[in-house]
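Below is one structure; the comments refer to it alone.
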Amino acid sequence: GDVYKRQVTALGPPTATDRVDYPDSASDLCKRVVAGEFAKGIVLCGTGIGISIAANKVEGVRCALCHDHYTAVMCRQHNDANVLAMGARVIGSEVAKDIVDVFLSVEFEGGRHAGRVEKIHAIEKGC
């Protein structure tokens, strides 16, 4: 889709074989999303689990670990996810492309879901 014509900033290691600590990558990207430098972010690790946990430690981030089309739709429509996590070792490249396409194009529905997102923010604030 046309979503691939968007501006992309790669923050990962220089090569695929370079060692990287995913908490550092998640923190760097997520702070930039929250600051407004990026509208959305996408993070990857082997399963997507560790990096999604790390991403969700950054206040203001709603990171969703998605593994198919449906979870990608729901993370945007119902949760207003601003960061997408995927597991490079557990999903194929065509599924990953579909998830990215959905994540970048589906809008938040608001309505009853907006109150739930606000409750998530309240948890972050310790309320």
Side-chain angles (χ1 to χ4, degrees):
D2 67 329
V3 294
Y4 298 110
K5 294 179 182 168
R6 296 179 186 223
Q7 181 178 349
V8 174
T9 303
L11 301 176
T15 70
T17 57
D18 287 345
R19 185 178 184 282
V20 65
D21 287 324
Y22 61 78
D24 298 333
S25 300
S27 176
D28 180 31
L29 172 78
C30 291
K31 287 176 182 175
R32 293 165 86 170
V33 169
V34 172
E37 183 178 344
F38 304 131
K40 294 179 184 156
I42 300 171
V43 294
L44 303 165
C45 71
T47 62
I49 297 168
I51 203 158
S52 65
I53 292 169
N56 278 312
K57 298 298 181 183
V58 177
E59 187 175 339
V61 168
R62 292 172 309 283
C63 180
L65 173 57
C66 295
H67 53 271
D68 58 24
H69 182 93
Y70 182 74
T71 55
V73 170
M74 290 297 102
C75 86
R76 288 293 306 131
Q77 284 184 343
H78 291 193
N79 306 115
D80 197 20
N82 54 5
V83 176
L84 165 66
M86 292 185 290
R89 295 182 186 144
V90 297
I91 59 172
S93 61
E94 292 305 311
V95 172
K97 289 177 189 176
D98 180 55
I99 292 168
V100 168
D101 189 36
V102 168
F103 178 73
L104 295 177
S105 61
V106 170
E107 296 295 324
F108 179 49
E109 287 182 349
R112 74 181 196 272
H113 306 295
R116 294 172 182 159
V117 170
E118 288 306 314
K119 287 183 178 189
I120 292 169
H121 287 298
I123 293 169
E124 286 181 330
K125 301 286 187 194
C127 300

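Hydrophobic clustering (ILVMFWY, side-chain heavy atoms < 4.5 Å, transitive): Ile91 and Leu104 are in one cluster. Residues Val20 and Ile51 fall into different hydrophobic clusters, defined by Ile, Leu, Val, Met, Phe, Trp and Tyr side chains chained together at heavy-atom separations under 4.5 Å.
The distance from the CG atom of Asp98 to the CD atom of Glu94 is 9.0 Å, given to the nearest 0.5 Å. The distance from atom NZ of Lys40 to atom CZ of Arg62, rounded to the nearest 0.5 Å, is 10.5 Å. Residue Arg76 holds its CZ atom at 8.0 Å from CG of Asn82, rounded to the nearest 0.5 Å. Rounding to the nearest 0.5 angstrom, the gap separating the OH atom in Tyr22 from the CG atom in Leu29 is 16.0 Å.
Between the side chains of Thr71 and Asp68, at least one donor-acceptor pair of N or O atoms lies under 3.5 Å.
Here the shortest heavy-atom pairing between Ile42 and Met86 reads CG2-CE, 4.1 Å. Residues Val58 and Ser27 come closest through the heavy atom pair CG2-CA, 4.3 Å. Nearest heavy-atom pair, Gly50 versus Cys45, reported as atom, atom and distance to 0.1 Å: N-SG, 4.1 Å. Closest approach of Thr9 and Phe38 over heavy atoms only: OG1-CE2, 3.7 Å. Taking both residues in full, the closest heavy atoms of Val33 and Gly41 are given as CG2-N, 3.9 Å, listed atom of the first, atom of the second, then distance.
Hydrophobic clustering, defined by side-chain heavy atoms of Ile, Leu, Val, Met, Phe, Trp and Tyr closer than 4.5 Å, groups Val117 together with Phe108.
The salt bridge (Lys or Arg N to Asp or Glu O under 4.0 Å) test applied to Arg116 returns no partner, not counting sequence neighbours.
Sorted by first and then second residue, the pairs that involve residues 42-59 and meet side-chain hydrogen bond (donor to acceptor under 3.5 Å, both in side chains), not counting sequence neighbours, are Glu59-Lys125.
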